[in-house]
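Written out below as structure tokens is the structure these notes cover.
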2 protein chains.
Amino acid sequence: MKINSEVIARTALRLLDDVGLDGLTMRLIAQDLGVRAPTLYWHIKNKQELLDAMATLVYVEAAERLEPPRDGSAWEDWLADWARQLRQAMLSHRDGARVLAGTYVNHETVHRAVELNLRTLRDAGFTLSEAARGFPAVLHYTIGHTIEEQAHTSAAYGDDNPYTPERLAAMVDAERFPLTAQASSDLLGMDGDTGFEYGLRIVVLGLRAAKQERERG
Amino acid sequence: MKINSEVIARTALRLLDDVGLDGLTMRLIAQDLGVRAPTLYWHIKNKQELLDAMATLVYVEAAERLEPPRDGSAWEDWLADWARQLRQAMLSHRDGARVLAGTYVNHETVHRAVELNLRTLRDAGFTLSEAARGFPAVLHYTIGHTIEEQAHTSAAYGDDNPYTPERLAAMVDAERFPLTAQASSDLLGMDGDTGFEYGLRIVVLGLRAAKQERERG
DNA sequence: TAGAGTCCCTAACACCGTTAGATACGGCGG
DNA sequence: CCGCCGTATCTAACGGTGTTAGGGACTCTA
């Protein structure tokens with residue numbers, strides 16, 4: 001297969017699932033491509049640029065399936081689905097959120113997604129300014145949640161992950177922090193999906209409430 | 001000054017502001033302490049443990065000033081202030097959000113903060129379960145926003161930061177993405193505070209809306 | 001056929017986190 | 001006073017990292 005920057009990024013993304021972000025070295029990627037490490041520098045400027053390209057691939061993976069809302073479907077559902085797709089794209093790669101976080105992706109597919117977000121919200125009665133300031137909130141929540149989620153389930157801990165619900169629950173002093181102890185199952189015992197959905201609902205409800213407050217003046 | 005793990009973490013945190021996370025090496029930290037790198041390993045297990053200790057310091061910095069809400073003050077304001085303090089603690093160190101993200105901090109001060117969050121929300125009429133599932137949403141939004149914010153203003157780019165509003169605005173094709181182009185000042189021209197406050201308001205409004213929906217049944 | 005451009009190589013550099021093993025220094029029991 | 005033990009530091013080094021320099025081979029084109 002012909003080597004170019006996108007092929008390198010795809011290979012790196014595949015290897016990422018095996019070795020994790022810390023184990024992803026230029027030499028390993030090169031080996032997988034049947035080539036020596038310095039060769040990669042013919043195609044990419046440096047490792048950071050490679051990481052950016054990987055982030056772009058993940059982002060595009062989430063954005064390319066995005067379609068305008070069908071007639072009659074609620075903007076709340078459409079927006080929540082977009083957040084779910086983004087989260088799934090990150091979850092589908094080990095350390096995916098860490099790769100994505102803080103990488104401003106510049107790709108046509110992403111511009112399309114932004115435009116679609118703005119149009120959908122504006123068509124639903126938001127002002128353009130509300131839409132432009134509001135939908136990043138969904139984005140930031142989604143990224144923040146997924147980073148935390150992936151960090152806690154990280155395979156990097158091997159067999160002694162300190163984030164098991166039991167371990168964490170054992171740490172809080174039930175005398176001094178009674179509510180924390182009482183709520184530990186809600187705080188820690190939730191699987192990622194449930195926790196994400198709860199917060200996502202809050203953000204979407206918040207967007208609706210902000211719009212209504214403006215409409216009422 | 002006597003060296004111990006906390007002194008090392010404090011030193012590392014101070015150096016972080018000068019050199020950034022990627023420039024923070026064990027040898028540099030040791031030099032600043034008037035010591036050689038291997039000496040650090042007498043006091044800490046490895047670099048990851050040091051990073052965890054640094055994250056703990058930042059987190060505690062935000063949490064230790066936290067006080068119960070004064071009588072009569074609204075839970076919305078109290079919760080928003082807590083988020084602002086956390087954000088300020090991250091912003092007060094270069095790459096602070098990256099250091100914090102994904103590090104589950106286990107420290108008494110943080111337990112206290114969690115307990116205080118739960119109590120405040122429950123006293124305001126939330127169920128304990130609502131509080132336990134709801135306040136992480138604020139946390140995740142805050143972390144997500146601040147990571148993105150710090151990445152875009154990162155000094156790592158030197159003089160050619162690609163995230164200036166002008167550069168980004170120039171990238172979008174106004175013909176194909178008219179709303180994006182039109183909203184570019186709202187999307188990009190905002191300073192971090194304004195954008196953060198807008199999203200924070202949305203999350204808080206969302207919590208209130210979720211509570212009201214339950215109360216109405 | 002000469003030259004230019006493309007793509008890959010070997011060799012090496014500077015630096016990284018980390019370990020092994022020796023060395024100094026203090027207090028304490030005999 | 002001596003010898004010992006725990007504490008805290010050192011030097012030397014290992015295997016690894018991202019990255020650069022410079023040299024070949026191959027292909028296309030004039």
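Numbers restart at 1 for each chain; the letters A, B, ... are given by sequence-line order, proteins then strands.
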Less than 4.0 angstrom between a side-chain N/O of [X] and OP1 or OP2 of [N], yes or no?
{"X": "B:Thr39", "N": "D:dA8", "result": "no"}
{"X": "B:His43", "N": "D:dT9", "result": "yes"}
{"X": "A:Lys2", "N": "C:dC7", "result": "yes"}
{"X": "B:Trp42", "N": "D:dA8", "result": "yes"}

Of the options [options], whose atoms approach the side-chain atoms of [X] most closely?
{"X": "A:Ile3", "options": "C:dT10, C:dC8, D:dC10", "result": "C:dC8"}
{"X": "A:Pro38", "options": "C:dC8, C:dT10, D:dC10", "result": "C:dT10"}
{"X": "B:Arg27", "options": "C:dT18, D:dT17, D:dA21", "result": "C:dT18"}

Check the distance between [N]'s [atom2] and [X]'s [atom1] and give it to me in whole angstrom.
{"X": "B:Ile44", "N": "D:dA8", "atom1": "CD1", "atom2": "P", "value": "15 Å"}
{"X": "A:Tyr41", "N": "D:dG18", "atom1": "OH", "atom2": "P", "value": "6 Å"}
{"X": "A:Gln48", "N": "D:dG18", "atom1": "CD", "atom2": "P", "value": "12 Å"}
{"X": "A:Ile29", "N": "D:dT17", "atom1": "CD1", "atom2": "P", "value": "11 Å"}
{"X": "B:Asn4", "N": "D:dT9", "atom1": "CG", "atom2": "P", "value": "10 Å"}
{"X": "A:Ile8", "N": "D:dT19", "atom1": "CD1", "atom2": "C1'", "value": "14 Å"}
{"X": "B:Arg36", "N": "C:dG21", "atom1": "CZ", "atom2": "C1'", "value": "17 Å"}
{"X": "A:Lys47", "N": "D:dG16", "atom1": "NZ", "atom2": "P", "value": "15 Å"}

Once the angle between the rings of B:Tyr141 and A:His140 is folded into 0 to 90°, is it parallel (under 30°), tilted (30 to 60°) or perpendicular (over 60°)?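 Rings of B:Tyr141 and A:His140: tilted, 30 to 60°.
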So that I know where these two stand, are B:Phe126 and B:Trp75 an aromatic pair - ring centroids less than 6.0 Å apart?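 Ring centroids of B:Phe126 and B:Trp75 are less than 6.0 Å from each other.
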Do you know the tightest heavy-atom contact between A:Gln150 and A:Leu91?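 Minimum heavy-atom separation between A:Gln150 and A:Leu91: NE2-CA, 3.6 Å.
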For residues B:Asp52 and B:Gln48, is any side-chain donor paired with an opposing acceptor at under 3.5 Å?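 Looking only at side-chain atoms, B:Gln48 and B:Asp52 do form a donor-acceptor pair, the distance falling under 3.5 Å.
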Would you mind classifying the nucleic acid contact of B:Leu24 as base, sugar-phosphate or nothing, using non-hydrogen atoms under 4.0 angstrom?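 Here B:Leu24 touches the backbone only, sparing every base.
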Rounded at 0.5 Å granularity, tell me how far CD1 in A:Ile29 sits from OG1 in A:Thr39.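 Atom-to-atom, A:Ile29:CD1 and A:Thr39:OG1 are 13.0 Å apart.
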